[in-house]
Protein chains: 2
Amino acid sequence: MPVAKGSTIDPDRTRAAILDAATPVLYERGLDGIGVAELCARLGISKETLYRHFGTKDGLVRAVLEARSDRVTRSLAEAVAAAGPEPADQLAAVFAVFQQTYDEPRFRGCAMLNAAAQHHVEPVRALTARHLDRYLDTLTGIAERAGAADPRLLGRQLLMLVEGATVVATHHGPADAGDHALRAALTLLAAAS
Amino acid sequence: MPVAKGSTIDPDRTRAAILDAATPVLYERGLDGIGVAELCARLGISKETLYRHFGTKDGLVRAVLEARSDRVTRSLAEAVAAAGPEPADQLAAVFAVFQQTYDEPRFRGCAMLNAAAQHHVEPVRALTARHLDRYLDTLTGIAERAGAADPRLLGRQLLMLVEGATVVATHHGPADAGDHALRAALTLLAAAS
DNA sequence: GCGAGATCGTACCGATCGGTTCGATCCGCG
DNA sequence: CGCGGATCGAACCGATCGGTACGATCTCGC
């Protein structure tokens, strides 16, 4: 997946193209599982180009993770918004989004969690924490709309189900992970109001 | 934490001592976050000794993870056994064990999940999968004793709560993670019979 | 006390790491 | 056309990687 070659020389566009192309490679190989040289070769760019745009391999990594977190968060919010006003439907939408990612042939677990487990530099861990906070916001919002007695508690429990479903899907097979987690989530929802 | 120096020259004992000493270092620094040279310096052994006992850095890693999985699984089984016959009490024991690890000052997430996220060699991922299977066995056993309509489903949902609690404790703070997960687990338990 | 084997410390190996530099090329703008 | 900046490709840097080799030292069993 080389960066488009004949494209107009436009720094912003080049940067975005590098980001897009680097994302799946870093995800599949692991942040430290591929060197800058091989990475650039795969992207079809020179090392100098990469370093001018991102300064550091870490800079690229952070940019990739930030973009990924933004994209996932946005798609989750859209799915919830499209699910209508019923909290149960919104939960179903959430887990459907996740099941979709579990079923991707190249699924290798949550990119943010993997990154935090690999890369021990603080800024990356902070990105992961922020990512979970975003999930928590979404889930707590559903809990509030459901009239839960303790929406923050329920939100955190739902977050546990989401993350647990991802872990189980990663290491124990993706089949029905989203559905099983959803059923548990609906049970919690029903019991919390 | 150097390996005991004046100890009798006993290969088996040396091997075990290396294993014990290497475990926390590899956990804190990450499997690939520390080189063999620095690792040996920390353990107070020479590289030749390490390579004679484990053949490869990967060999050491596998041995460390295997021992850790065995130890954790055993302590979990003991806690469940000591909790008496009530499934609810057994669940409480399970999450109490996990909360104890969350509260350790050096807690950095589940060692097996971290390993799988870092080290993409197949054998390590297999160890992680086996580790989750052991958890699943324990939890499914509790679900069966509770008379759940679908104990395998409930077992998997409990596994999601356990792993989700670990993830949340890792990235969102350990406070009450075990307790919140336990309350969710008890709700599922009550609804499943 | 002697030999076998475990261990140490250190030097060394080729490979790869992240990052820099430089000359050549190519493109868009004036 | 010509200039400036983006890009390339390749060489290069010091550091570190996992792993090996070797001579010296130590401890045990005989």
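All of these numbers come straight from a predicted model, not from anything done at the bench. Each chain gets a letter, A, B and so on, in the order the sequences are listed, and its residues count up from 1.
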**Q.** Residues Arg106(A), Glu28(A): salt bridge by 4.0 Å N-O rule
**A.** yes

Q: With the side chain of Ser46(A) defined as its heavy atoms from C-beta on, choose the nearest nucleotide among dG9(D), dC8(C), dT7(C).
A: dG9(D)

Q. With respect to the side chain of Val36(A), which nucleotide from dG18(D), dC8(C), dG18(C) is positioned closest?
A. dG18(C)

Q: Measure the distance from CG on Leu43(B) to C1' on dT7(C) and round it to the nearest whole Å.
A: 14 Å

(Q) Using ring centroids (six-membered ring only for Trp), state whether Tyr135(B) and Phe98(B) fall under 6.0 Å. (A) yes

(Q) Cation-pi check for Phe54(B) against Arg62(B): NZ or CZ below 6.0 Å from the six-membered ring centre and within 45 degrees of the axis, yes or no? (A) no

Q: Find the distance Arg52(B):CZ to dA21(D):P and express it as a whole number of Å.
A: 14 Å

(Q) Just the rounded figure in Å: distance from P of dT7(D) to CZ of Arg13(A). (A) 13 Å

Q. Does Thr56(B) make a side-chain N or O approach to OP1 or OP2 of dG18(D) shorter than 4.0 Å?
A. no

Q: For Glu48(A) and for Ile34(B), find the nucleotide of DNA chain D with the closest heavy atom, then tell me which residue's nucleotide is more 5'.
A: Glu48(A)

Q.
Both Leu50(B) and Glu38(A) contact DNA chain C. Taking the nearest nucleotide for each, which residue is further toward the 5' end?
A. Leu50(B)

Q.
From CZ of Arg15(A) over to C1' of dT7(D), roughly how many Å is that when rounded to an integer?
A. 17 Å

Q) Please give, in whole Å, the distance from dC17(D) P to Leu39(B) CG? A) 11 Å

Q) Within this structure, what is the OH-to-C1' distance between Tyr51(B) and dC13(C), rounded to whole angstrom? A) 13 Å

Q | Residue Lys57(A), side-chain heavy atoms: nucleotide from dT20(D), dG9(C), dG19(C) that is nearest | A | dG19(C)

**Q.** Whether over 12 other heavy atoms sit under 6.0 Å from Gln100(B) CD
**A.** no

Q: From the options dT20(D), dC8(D), dG18(C), select the nucleotide whose nearest atom is closest to the side chain of Lys47(B).
A: dT20(D)

**Q.** Nearest-Å distance for atom pair CD1/C1', residues Ile18(B) and dT7(C)
**A.** 10 Å

Q: Measure the distance from CG on Leu60(B) to P on dG19(D) and round it to the nearest whole Å.
A: 10 Å

Q | Short N-O contact, Glu86(A) and Arg145(A), less than 4.0 angstrom | A | no

Q. Side-chain N or O of His53(B) less than 4.0 angstrom from OP1 or OP2 on dA6(C)?
A. no

